Amino acid sequence: LKTSQYIDFLIKEPNSHARLFAVKQVISKITFDEFVHYSNDLLHDKYASVRLLTYELYDKYLPSESEPILMKAIFDEHTSVRETARYLLKKKGIEDFSEFYRNALVNGPSNGAISGLGETGREDDTAYLINYLDLEQPKLVRCAIKAISRLAFQEFKNTFIEMLADNRG
């Protein structure tokens with residue numbers, strides 16, 4: 001099989017571990033043009049490990065074009081993808097990620113922005129997050145609880161205890 005045929009097959013493989021294994025195997029054989037051709041599919045893979053590897057390769061193959069791609073990745077739902085994107089962006093001189101997350105939250109809540117602010121923010125950033133504890137979407141509430149806990153657990157401990165009686169699901 002040619003590399004491109006192999007990649008076509010692996011992108012359609014339903015087993016995420018098999019996709020990751022295949023990506024790791026083919027990555028050393030892939031040409032620049034093949035990477036460019038397939039990168040969009042790989043950047044949107046459901047499996048975070050495939051996305052993570054693709055972001056690293058994007059920065060390697062297209063360093064001058066990777067910044068906007070990595071800026072999107074700091075909002076990924078998966079912690080390791082956000083951390084890797086921030087690491088790669090730090091190498092490019094971008095440091096204050098909490099400001100990006102604060103600005104994103106102005107447009108409404110997202111898992112990546114809430115979690116990212118909890119990972120990079122300061123204690124006073126809980127002011128941006130506290131209202132998300134009252135949302136109806138359990139996933140966003142969980143993200144807010146984790147984020148606030150990272151920033152100021154002791155201050156909000158009683159709030160979290162009261163939330164244990166919550167019946168939103």
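This structure is a prediction, so every number in the text was calculated from the model and none was measured. Heavy-atom basis, side chains included; hydrogens, waters and symmetry copies ignored. Counting begins at 1 with the first residue of the sequence.
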On a heavy-atom basis, which atom in [X] and which in [Y] lie closest, and how many Å separate them?
X	Y	answer
S110	L140	C-CD2, 3.8 Å
K46	R51	O-NH1, 3.0 Å
S66	D59	OG-OD1, 2.7 Å
S49	L20	CB-CD2, 3.5 Å

State, yes or no, whether a side-chain contact exists between [X] and [Y] at a heavy-atom distance under 4.5 Å.
X	Y	result
F153	I148	no
K72	L43	no
I145	F156	no
T54	Y38	no
Y132	V141	no
L105	L129	yes

*If two hydrophobic side chains count as joined below 4.5 Å and joins carry through other members, does M71 share a cluster with Y55?*
yes
*Near-ring test Y101/F75, centroid separation under 6.0 angstrom*: yes
*E119 bridged to R82 by N-O distance under 4.0 Å*: yes
*asked:* With no hydrogens and no angle check, just 3.5 Å: does a side-chain donor-acceptor pair link D96 and S98?
replied: yes
